[in-house]
Structures are given as C-alpha cells and as structure tokens.
Engineer: 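Below you'll find the structure I mean.
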Amino acid sequence: MVLQLVNHILLLSCLIIAAVSEAPMAKENCQERCGNITVPFPFGIGKGCYIDEWFEVVCVNGNNSANPVPVLKRVNMELLRINLYGYLDAKFPITFWNCSDRKTQLQNIPNLQGSPFVFSYDDSMFTSVGCGATAVISTEGQDGSIQVAGCSSSCTSWCQTSIPTNLQAFNISFLDKEFGISEKADCRYAFLVNQTWLSEPSVGNLSSLYEMTDVPVVLKWGLNSSNPPCMKPGTYYGNESLGHICRCEDGFDGNPYLPNGCQGKPF
Ligand SMILES: *[C@@H]1O[C@H](CO)[C@@H](O)[C@H](O)[C@H]1NC(C)=O
Ligand SMILES: *[C@@H]1O[C@H](CO)[C@@H](O)[C@H](O)[C@H]1NC(C)=O
Ligand SMILES: *[C@@H]1O[C@H](CO)[C@@H](O)[C@H](O)[C@H]1NC(C)=O
Ligand SMILES: *[C@@H]1O[C@H](CO)[C@@H](O)[C@H](O)[C@H]1NC(C)=O
Ligand SMILES: *[C@@H]1O[C@H](CO)[C@@H](O)[C@H](O)[C@H]1NC(C)=O
Ligand SMILES: *[C@@H]1O[C@H](CO)[C@@H](O)[C@H](O)[C@H]1NC(C)=O
Ligand SMILES: *[C@@H]1O[C@H](CO)[C@@H](O)[C@H](O)[C@H]1NC(C)=O
Ligand SMILES: *[C@@H]1O[C@H](CO)[C@@H](O)[C@H](O)[C@H]1NC(C)=O
C-alpha cells in the first residue's frame with residue numbers, strides 16, 4: 001500500500017515534469033523549430049503563426065534539409081537565437097573594403113527602419129580592422145541631423161566604439177586621406193558585433209576574423225500598443241521606445257506571449 005502510494009507520487013511528478021518541458025513555444029499547430037533554432041511566438045514560421053509580418057521567420061532550405069536556416073524575413077537577417085525577453089542574435093555581414101579576395105559592398109547593411117527592431121546599444125559594438133583604418137558609421141536622425149561614430153585601428157589590433165541608441169539603419173565608410181590618418185589604403189573591414197562573443201577566446205585573432213563573412217550581432221525587439229497585451233499570468237515588463245515585453249510571473253515558466261503559455265513549475 002505504502003509502496004503503491006510512493007509509486008503514484010513518482011508517476012505524478014514525472015507527468016508534471018513532462019508537461020512543463022513540453023510547454024509550447026510556438027502557436028498551436030505551428031512549426032516550433034528550424035533546424036536547432038527554436039522560434040517562439042510572437043515570432044513564427046508560416047501564415048497565422050507570427051504576431052505581425054515583421055516577426056515572420058522563413059526556414060530556408062526546409063527544416064529537414066542538411067542545412068536549415070531561419071531568416072527574419074522582412075529585414076532579411078539570419079537568426080542565431082531568439083530570446084523571449086526582447087533580444088535576438090542574428091548574423092551581421094562584415095563590410096570589406098579593398099581586400100583582394102573579398103568583394104567591397106558598402107550598401108549591404110541590414111536596414112531595420114520601420115521595424116520593431118533596433119541594434120542593441122548595450123551589447124553590440126562597432127568594430128573596425130585594418131592598418132591605420134578610420135571607419136565610421138553614419139546615420140540620419142529623425143530630425144534630419146547626421147550622427148557619426150567611428151574609430152581608428154592599427155595593424156596589430158582592432159578598434160571599437162559604441163553605437164547610437166535606437167540605431168536602425170546606417171552606412172559604413174572608411175576615411176583616409178581626407179583626415180590625414182592613413183597614407184596607404186589597403187584591406188580593411190568593419191562590422192557590428194556582439195561584444196561578449198568577440199571577447200571569447202574561441203573567436204581567435206584578426207586573421208581568423210578575416211576568414212568570416214558574418215559575425216553575430218544583438219538586436220532588441222518589442223511589442224507596441226497595437227499588439228495584444230501580455231496574457232495572464234504573464235505581466236508587463238519593460239517599457240522602452242520599442243514597446244513592451246512580457247514575462248511569466250514568479251513560479252511560472254513558458255511563453256508569456258501565448259494564451260496559457262506560462263505554466264507552473266513542478267517544485
Ligand atoms: C525540425 O528539425 C529539428 C531538428 O532536426 C527537429 O527536432 C524538429 O522536430 C523538426 N521540426 C519539424 C516541424 O519538422
Ligand atoms: C546548431 O547547429 C549548428 C550546426 O548545424 C551548430 O554549429 C550549432 O552549434 C548548433 N547550435 C546549438 C545551440 O546547438
Ligand atoms: C546611406 O547612404 C545612402 C547613399 O548615400 C543614402 O541614400 C542613405 O540615406 C544613407 N543611409 C543612412 C541611414 O544614413
Ligand atoms: C588597395 O590596396 C592596394 C594594396 O593592397 C593599394 O595598392 C591600392 O592603392 C588600394 N586601393 C585604393 C583605392 O586605395
Ligand atoms: C552574445 O554572445 C554570447 C556568447 O556567444 C552569448 O552567450 C550571449 O547570449 C549573446 N548576447 C545576447 C544579448 O544575445
Ligand atoms: C590566428 O588564429 C589562427 C587559427 O586559430 C592560427 O592558425 C594563427 O596562427 C593565428 N595567428 C596569429 C598571428 O596568432
Ligand atoms: C506596431 O508595430 C508594428 C510592427 O510590429 C507596426 O507594423 C505598427 O505600425 C505599429 N503600430 C503603431 C501604432 O505604432
Ligand atoms: C509606456 O510608455 C508610454 C509612453 O511613454 C506610456 O504612455 C504608457 O503608459 C507606458 N506603459 C506602461 C505599462 O508603463
């Protein structure tokens with residue numbers, strides 16, 4: 001009798017654990033993953049699965065191919081990770097200039113204008129590499145003023161500068177003779193990058209960076225008042241220029257953007 005009771009309790013706790021680990025991240029009847037990347041609502045794959053078209057993700061190559069690639073469709077950026085609390089990691093293309101085996105493409109930079117996304121000021125740094133290279137980003141403010149940020153790198157190390165807040169679109173350019181900083185103008189390149197990632201030992205040195213075509217960048221996202229408020233028992237969290245972010249209340253876990261998305265933790 002006692003043994004049976006223990007058995008029941010064990011079974012019950014297993015069931016609870018199973019239910020929690022399967023708390024859905026995507027909307028009902030929607031594909032939850034593209035390869036090994038989870039795509040949680042308000043993002044989604046397929047019609048009716050995302051909150052609005054800015055959050056539409058396309059699983060390029062198909063989920064069952066050898067190389068499924070999740071792309072945030074309207075801004076055309078490849079996703080590396082989606083964080084439910086207002087962040088995502090995406091690939092940012094490196095801008096090369098006058099590098100023998102790399103194309104110079106100064107206009108190739110993702111444009112987030114009009115979207116609920118900004119390049120994250122807190123996590124992303126503008127980084128430039130090249131001997132005596134001065135690289136700048138320039139962006140037009142809402143009042144038409146031009147904001148500029150830049151730095152000069154040396155032959156042995158890159159340079160970095162922080163980016164304007166709420167940055168959504170910008171141009172990269174390299175300044176040379178005009179500023180008298182550099183005599184010769186050989187290979188240089190620049191990008192926005194997740195600073196934590198760049199500091200990891202596994203990322204390596206300048207020459208290993210040169211072998212890459214993209215680096216991870218951090219974007220912030222949010223929902224505005226035209227999107228539905230957080231579902232109970234989710235709560236409002238944060239109120240930035242981008243909009244609101246939801247969170248599950250203490251003791252609950254799951255996806256606060258789905259009806260009944262937050263579920264009780266087992267213990
Ligand atoms: C997509 O692929 C992943 C990894 O192979 C798999 O876990 C997942 O179930 C697949 N999803 C769909 C909808 O096919
Ligand atoms: C996802 O898969 C890719 C290779 O397909 C791998 O490089 C990457 O580390 C994986 N990411 C995670 C979080 O497992
Ligand atoms: C980038 O440069 C192009 C061409 O000069 C210009 O039309 C565009 O407004 C610039 N974009 C930004 C965000 O400054
Ligand atoms: C490009 O770099 C080469 C050296 O690699 C240099 O001779 C050339 O002047 C540079 N081009 C420009 C436009 O600066
Ligand atoms: C930045 O990169 C680090 C290391 O790869 C990762 O752990 C972190 O989640 C990223 N930051 C953000 C805000 O996504
Ligand atoms: C840079 O890293 C690569 C790969 O990790 C290594 O082969 C190379 O020797 C390193 N170069 C320098 C200058 O440290
Ligand atoms: C709310 O955000 C969406 C994008 O997510 C945008 O299309 C819409 O115009 C925004 N509405 C308002 C009132 O700002
Ligand atoms: C968020 O900020 C907006 C504009 O500043 C304000 O109207 C709104 O009441 C705030 N919402 C919350 C939940 O604090």
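Predicted model only: the values in this text are computed from it and were never measured.
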Engineer: For the CG atom of N76 and the NZ atom of K73, what is their distance to the nearest 0.5 Å?
Structural biologist: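 Separation between the atoms: 10.5 Å.
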
Engineer: Do P256 and C230 have side chains that get closer than 4.5 Å, going by heavy atoms?
Structural biologist: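 Not in contact.
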
Engineer: Can you see which heavy atom on G114 is nearest to which on W54, and at what distance?
Structural biologist: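 Of all heavy-atom pairs spanning G114 and W54, the closest is O-CZ2, 3.3 Å.
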
Engineer: Among Y50, F43, F41, find the residue that satisfies the ring-ring contact (aromatic ring centres under 6.0 Å, His included) test when tested with F55.
Structural biologist: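 Going through the options one by one, the only one that passes is F43.
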
Engineer: Taking the six-membered ring for Trp and the full ring for Phe, Tyr or His, determine whether the centres of F92 and F191 are under 6.0 Å apart.
Structural biologist: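 No, they do not, as the ring centres are separated by 6.0 Å or more.
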
Engineer: Cation over ring, R247 on F252, under 6.0 Å and within 45°?
Structural biologist: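 Not satisfied by the 6.0 Å and 45° rule.
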
Engineer: Using a 3.5 Å distance criterion without hydrogens, assess whether the side chain of N61 forms a donor-acceptor pair with backbone atoms of P68.
Structural biologist: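 Here the side-chain-to-backbone pair does not exist.
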
Engineer: Using side-chain heavy atoms (C-beta onward) and a distance below 4.5 Å, is L79 in contact with L72?
Structural biologist: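 They are in side-chain contact.
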
Engineer: Apply the test side chain to side chain donor-acceptor pair (under 3.5 Å) to residues S207 and N205: give CA-CA distance (whole Å), side-chain angles for both, the deciding distance (0.1 Å), then the verdict.
Structural biologist: CA-CA 6 Å; S207 45; N205 51 39; 2.9 Å; yes

Engineer: Using a strict cut-off of less than 4.0 Å between a Lys/Arg side-chain nitrogen and an Asp/Glu carboxylate oxygen, indicate whether R74 and E56 qualify as a salt bridge.
Structural biologist: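 Result for this pair is no, no salt bridge flagged.
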
Engineer: Given the rule in the side chain to side chain donor-acceptor pair (under 3.5 Å) test, do Y210 and D101 qualify, once you have shown the distances and angles that lead to the verdict?
Structural biologist: CA-CA 10 Å; Y210 182 75; D101 55 348; 2.4 Å; yes

Engineer: Tell me, do Q263 and P24 make a side-chain contact under 4.5 Å, heavy atoms counted?
Structural biologist: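 Answer yes - side chains close enough.
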
Engineer: How close do P70 and V57 get, heavy atom to heavy atom, and via which atoms?
Structural biologist: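 Looking at all heavy atoms of both residues, the closest pair is CB-CG1, 3.9 Å.
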
Engineer: How would you list all residue pairs meeting salt bridge (Lys or Arg N to Asp or Glu O under 4.0 Å) that involve residues 118-145, not counting sequence neighbours?
Structural biologist: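 Every pair satisfying salt bridge (Lys or Arg N to Asp or Glu O under 4.0 Å) with a residue in residues 118-145: D122-K220.
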
Engineer: Check whether any side-chain N or O of S208 sits under 3.5 Å from a backbone N or O of V203 as a donor-acceptor pair, and report yes or no.
Structural biologist: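 Yes; at least one donor-acceptor contact below 3.5 Å.
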
Engineer: With hydrophobic residues grouped by side-chain heavy-atom distances under 4.5 Å, do L80 and F117 end up in a single group?
Structural biologist: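 No; tracing contacts between hydrophobic side chains, which count when under 4.5 Å, never links both residues.
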
Engineer: Before you tell me yes or no, could you show the steps for C248 and D253 under side chain to side chain contact (heavy atoms under 4.5 Å, CB included), namely the whole-Å CA-CA distance, both residues' side-chain angles and the distance that decides it to 0.1 Å?
Structural biologist: CA-CA 6 Å; C248 290; D253 233 344; 5.6 Å; no

Engineer: Supply the atom-to-atom distance L223 CG to C246 SG, rounded to the nearest 0.5 angstrom.
Structural biologist: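 Reported value, rounded in 0.5 Å steps: 6.0 Å.
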
Engineer: How long is the gap from CG on L88 to CD1 on I82, to the nearest 0.5 Å?
Structural biologist: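 Nearest 0.5 Å value for the CG-CD1 distance: 6.5 Å.
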
Engineer: Is any side-chain heavy atom of D214 less than 4.5 Å from a side-chain heavy atom of P93?
Structural biologist: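 When only atoms from C-beta onward are counted, P93 and D214 do touch, with a gap below 4.5 Å.
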
Engineer: Any chance CG of N111 has more than 12 other-residue heavy atoms, nucleotides or ligands included, within less than 6.0 Å?
Structural biologist: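 Counting other residues, nucleotides and ligands, CG of N111 exceeds 12 neighbours.
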
Engineer: Using 0.5 Å steps for rounding, measure from the OG atom of S120 to the CD atom of Q195.
Structural biologist: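 Between S120 OG and Q195 CD, I get 12.0 Å after rounding to 0.5 Å.
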
Engineer: Please check if the number of heavy atoms outside E200 that lie under 6.0 Å from its CD is greater than 12.
Structural biologist: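 Yes - once you tally the heavy atoms of other residues, nucleotides and ligands closer than 6.0 Å, there are more than 12.
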
Engineer: Where do G254 and L84 come nearest, in terms of heavy atoms and distance?
Structural biologist: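 Shortest heavy-atom separation between G254 and L84 comes out as O-CD1, 3.9 Å.
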
Engineer: Which residue pairs pass the disulfide (SG to SG under 2.5 Å) test with at least one member in residues 59-128, sequence neighbours excluded?
Structural biologist: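 Listed by first then second residue: C34-C59, C99-C187.
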
Engineer: Do V217 and D89 come within less than 4.5 Å of each other through their side chains, counting heavy atoms only?
Structural biologist: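 Result no, sub-4.5 Å side-chain heavy-atom pair not found.
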
Engineer: About how many Å separate OG of S138 and CD1 of I146, when rounded to the nearest 0.5 Å?
Structural biologist: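 Here the interatomic distance stands at 6.5 Å.
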
Engineer: Quick check against the 3.5 Å criterion: does S124 have a side-chain atom that pairs as donor or acceptor with the backbone of N194?
Structural biologist: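 Absent.
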
Engineer: Do the side-chain N and O atoms of Q147 and T139 include a donor-acceptor pair separated by under 3.5 angstrom?
Structural biologist: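 Absent: no donor and acceptor within the cut-off.
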
Engineer: Looking at F96, is R188 sitting on its ring face, NZ or CZ under 6.0 Å from the six-membered ring centre and within 45 degrees of the normal?
Structural biologist: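 Because its charged atom misses either the 6.0 Å distance or the 45° angle limit, R188 does not stack over F96.
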
Engineer: Does a side-chain heavy-atom distance below 4.5 Å link M25 with L258?
Structural biologist: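 A side-chain contact is absent here, since even the closest heavy-atom pair is not under 4.5 Å.
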
Engineer: Just by modelled atom types, is the M125 backbone N or O under 3.5 Å from a matching donor or acceptor in the Q160 side chain?
Structural biologist: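 The answer is no, because no donor-acceptor pair under 3.5 Å joins these two groups.
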
Engineer: Ring centroid separation for Y257 and W221, is it under 6.0 angstrom?
Structural biologist: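 Judged by ring-centre distance (under 6.0 Å), Y257 and W221 do meet the cut-off.
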
Engineer: As a quick check of understanding, evaluate side chain to side chain contact (heavy atoms under 4.5 Å, CB included) for V215 and T127, giving each step before the final call.
Structural biologist: CA-CA 11 Å; V215 290; T127 306; over 6 Å; no

Engineer: Are any of the side-chain heavy atoms of I45 and N63 separated by less than 4.5 Å?
Structural biologist: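 The answer is no; the side chains never approach within 4.5 Å.
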
Engineer: Nearest 0.5 Å, please: how far is CD1 in I94 from CD1 in I109?
Structural biologist: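 One finds 12.5 Å between CD1 of I109 and CD1 of I94.
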
Engineer: Please confirm whether the ring centroid of F119 lies under 6.0 Å from the ring centroid of F170.
Structural biologist: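 Close enough - the centres of the two rings lie under 6.0 Å apart.
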
Engineer: Do C49 and Q31 have side chains that get closer than 4.5 Å, going by heavy atoms?
Structural biologist: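 Contact flag for C49/Q31 side chains = no.
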
Engineer: Members other than V60 in its cluster, when Ile, Leu, Val, Met, Phe, Trp, Tyr link by side-chain heavy atoms under 4.5 Å?
Structural biologist: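 Grouped by the 4.5 Å side-chain rule, V58, V69, V71 form the rest of the cluster around V60.
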
Engineer: Among T161, I172, L175, exactly one meets side chain to side chain contact (heavy atoms under 4.5 Å, CB included) together with V136. Which residue is that?
Structural biologist: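 The single option meeting the side chain to side chain contact (heavy atoms under 4.5 Å, CB included) with V136 is L175.
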
Engineer: Keeping the roles fixed (side chain from K27, backbone from G48), state whether a donor-acceptor pair exists under 3.5 Å.
Structural biologist: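 Looks like yes, one N/O pair under 3.5 Å.
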
Engineer: Do Q168 side-chain atoms and L112 backbone N/O form a donor-acceptor pair below 3.5 Å?
Structural biologist: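 Yes, the answer is positive, given that a donor and an acceptor are paired below the 3.5 Å cut-off.
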
Engineer: Ignoring hydrogens and geometry, is there a side-chain-to-backbone donor-acceptor pair from S153 to G130 under 3.5 Å?
Structural biologist: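 Confirmed, S153 side chain pairs with G130 backbone.
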
Engineer: What are the two closest non-hydrogen atoms of L209 and W158, and how far apart are they?
Structural biologist: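 Looking at all heavy atoms of both residues, the closest pair is CD1-CZ3, 3.7 Å.
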
